[in-house]
**Q** 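Quick one: structure below, then a few questions.
Because only heavy atoms are used, hydrogens play no part in the values below, and waters and symmetry mates are left out as well, while side chains stay in.
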Amino acid sequence: MQPVVSSRPHSLPLNQLNTAKCGTETPEKKKHEGTDLFRMRSLISFYLCYLLCLGLGLACVVCVCLWNSRWRGGFAWDGSSHQFNWHPVLMVAGLVVVYGIGAVVYRIPLTWGQNKLPWKLLHGALMLLALILSIIGLCAVFGNHNANNIPNLYSLHSWIGIAATALFAIQWVMGVTGFLLPCSPLSLRQLLKPLHVWMGGVILSLTIAACISGINEKLFFVLKGNTNGSLPYAKLPPEAVLGNLLGVLIVAFGLVVFRILSNHKWQRPDSRPEDMTYSPLLQDENE
């Protein structure tokens with residue numbers, strides 16, 4: 001009697017049975033996991049830079065306020081040197097810190113995939129606040145100079161500062177006209193956007209240059225080592241150390257802002273070709 005031969009195939013381990021199927025899914029899964037990991041690293045890098053930007057901005061405001069309150073006698077609006085002290089505080093707070101924070105609003109990942117209109121309005125409001133603070137800062141220094149018969153606009157610092165403020169005012173008007181008014185045509189927005197982005201970087205660069213030259217100019221004026229008991233600038237007294245530190249913080253803040261703005265991975269993703277330009281105020285947006 002011959003043994004019965006089973007027609008069923010020999011049993012295989014489960015991992016061998018699913019080898020082909022798993023082999024086809026593994027590359028796609030690895031690719032998906034790699035993409036998620038890349039996005040996570042990019043998000044972490046952005047928020048680290050953004051927190052550094054906020055921290056440096058806060059440090060700039062604290063330093064300039066401390067300098068003018070402790071070493072320069074405080075603040076007033078009476079034409080005296082105490083009125084002048086408003087000038088560096090308002091210019092640093094407005095044209096540097098608020099301006100820089102407003103410039104990177106669109107880079108925040110939380111704004112992606114949402115309606116751009118609220119963030120557009122926030123961007124415009126921050127820039128308007130920066131412009132108002134800078135104008136008040138200019139009024140403070142002009143008022144102080146006029147009350148004490150000091151010439152205006154004679155230094156390189158003043159030329160750079162006035163140029164930055166004037167360009168900023170023009171930039172803000174162009175931004176409202178081109179990107180917020182419902183009547184602005186698409187062709188105008190396409191034309192203005194590269195100029196708007198480039199001009200924003202130019203204004204921030206000029207502002208940083210004006211602040212650095214202004215800090216240095218002020219320290220040279222007040223730290224002469226004369227009869228008021230102050231040490232000369234060359235001896236690096238505490239006031240000079242704080243002034244120099246303020247300049248370093250301003251430069252560092254500007255570099256972080258430029259880093260955020262120049263990284264293409266952190267730009268707001270555009271889901272539609274027409275999103276490559278700003279949509280005007282009140283226009284339907286589905287982002």
Side-chain angles (χ1 to χ4, degrees), residues 39 42-43 45-46 49-50 53 57 94-132 134-135 159-211 250-251 253-287:
R39 290 176 180 174
S42 180
L43 286 175
S45 299
F46 170 82
C49 282
Y50 186 66
C53 176
L95 271 184
V96 177
V97 178
V98 177
Y99 183 95
I101 293 175
V104 300
V105 163
Y106 287 126
R107 298 298 195 271
I108 302 176
L110 290 176
T111 69
W112 300 352
Q114 301 181 19
N115 192 323
K116 191 187 290 185
L117 177 58
W119 304 101
K120 186 188 300 186
L121 295 176
L122 177 61
H123 173 75
L126 288 173
M127 292 305 181
L128 179 60
L129 176 61
L131 182 60
I132 292 173
S134 62
I135 291 175
W159 288 12
I160 298 175
I162 284 293
T165 307
L167 288 175
F168 184 24
I170 296 172
Q171 168 91 331
W172 192 86
V173 173
M174 290 176 57
V176 171
T177 303
F179 303 135
L180 291 180
L181 293 183
C183 60
S184 60
L186 177 62
S187 57
L188 176 62
R189 285 179 277 134
Q190 290 176 333
L191 179 64
L192 286 182
K193 185 177 180 180
L195 179 62
H196 188 75
V197 174
W198 177 79
M199 187 68 71
V202 169
I203 293 170
L204 183 59
S205 300
L206 290 176
T207 299
I208 293 174
C211 288
I250 290 173
V251 172
F253 176 82
L255 291 176
V256 173
V257 171
F258 281 125
R259 167 60 179 165
I260 294 175
L261 295 177
S262 63
N263 193 331
H264 296 289
K265 300 174 184 177
W266 296 341
Q267 289 183 353
R268 180 186 176 96
D270 299 309
S271 57
R272 301 185 305 270
E274 59 267 24
D275 291 335
M276 295 302 292
T277 58
Y278 293 101
S279 298
L281 186 62
L282 303 180
Q283 179 172 319
D284 184 28
E285 291 184 275
N286 297 319
E287 294 182 304

**Q** Distance from Asn263 atom CG to Phe258 atom CZ, nearest 0.5 Å?
**A**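 CZ of Phe258 is found 15.0 Å from CG of Asn263.
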**Q** Between Cys49 and Val256, what is the shortest heavy-atom contact and its length?
**A**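 Nearest pair, atom of Cys49 first, then Val256: O-CG1, 3.4 Å.
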**Q** To the nearest 0.5 Å, tell me how far Leu43 CG sits from Tyr50 OH.
**A**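 Those atoms lie 14.5 Å apart.
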**Q** Nearest 0.5 Å, please: how far is CG in Leu191 from CG in Leu186?
**A**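 Going from CG on Leu186 over to CG on Leu191, the span is 11.0 Å.
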**Q** Do the non-hydrogen side-chain atoms of Cys53 and Val257 ever get within less than 4.5 Å of each other?
**A**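 Cys53 vs Val257: side chains touch.
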**Q** Could you report the tightest heavy-atom contact between Trp172 and Leu128, atom names first, then the distance?
**A**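 Smallest heavy-atom distance, with atoms named: NE1-N, 3.5 Å.
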**Q** Do Met174 and Leu195 come within less than 4.5 Å of each other through their side chains, counting heavy atoms only?
**A**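 Contact flag for Met174/Leu195 side chains = yes.
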**Q** What are the two closest heavy atoms between Leu204 and Leu95, and how far apart are they?
**A**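 It is CD1-O, 4.3 Å.
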**Q** Could you tell me whether the side chain of Ile203 reaches within less than 4.5 Å of the side chain of Tyr99, counting heavy atoms only?
**A**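 Contact flag for Tyr99/Ile203 side chains = yes.
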**Q** Could you check if a side-chain atom of Arg268 sits within less than 4.5 angstrom of a side-chain atom of Arg107, using non-hydrogen atoms only?
**A**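 They are not in contact (no side-chain heavy atoms under 4.5 Å apart), so the answer is no.
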**Q** For a quick test of reading the model, state the closest non-hydrogen atom pair linking Val98 to Leu129 and the distance between them.
**A**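 Closest approach of Val98 to Leu129: CG1-CD2, 4.2 Å.
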**Q** How many angstroms lie between CG in Leu206 and CD1 in Ile160, if you round to the nearest 0.5 Å?
**A**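 That separation rounds to 7.0 Å.
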**Q** Quick check: closest heavy atoms across Ser184 and Thr177, and the distance to 0.1 Å?
**A**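 Minimum heavy-atom separation between Ser184 and Thr177: CB-O, 3.5 Å.
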**Q** Provide the closest heavy-atom pair for Gly178 versus Leu192 in the form atom of the first, atom of the second, distance.
**A**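 Heavy-atom minimum between the residues: CA-CD1, 3.8 Å.
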**Q** With rounding to the nearest 0.5 angstrom, report the CG to CZ distance, Leu180 to Arg189.
**A**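 With rounding to 0.5 Å, CG (Leu180) is 10.5 Å from CZ (Arg189).
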**Q** Between Thr165 (side chain only) and Ile162 (backbone N and O only), is there a donor and an acceptor less than 3.5 Å apart?
**A**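 Answer holds: no.
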**Q** With under 30° as parallel and over 60° as perpendicular, where do the rings of His123 and Tyr106 fit, or are they tilted in between?
**A**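 Rings of His123 and Tyr106: tilted, 30 to 60°.
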**Q** Nearest 0.5 angstrom please: Phe179 CZ to Leu188 CG, how far?
**A**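 Spacing of CZ (Phe179) from CG (Leu188) equals 7.5 Å.
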**Q** Can you confirm whether Phe46 sits close enough to Ile108 that some side-chain heavy atom of one is under 4.5 Å from a side-chain heavy atom of the other?
**A**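 SC-SC contact between Phe46 and Ile108 confirmed.
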**Q** With a 4.5 Å cut-off on side-chain heavy atoms, are Trp266 and Ser42 touching?
**A**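 Counting from C-beta outward, Ser42 and Trp266 do come under 4.5 Å.
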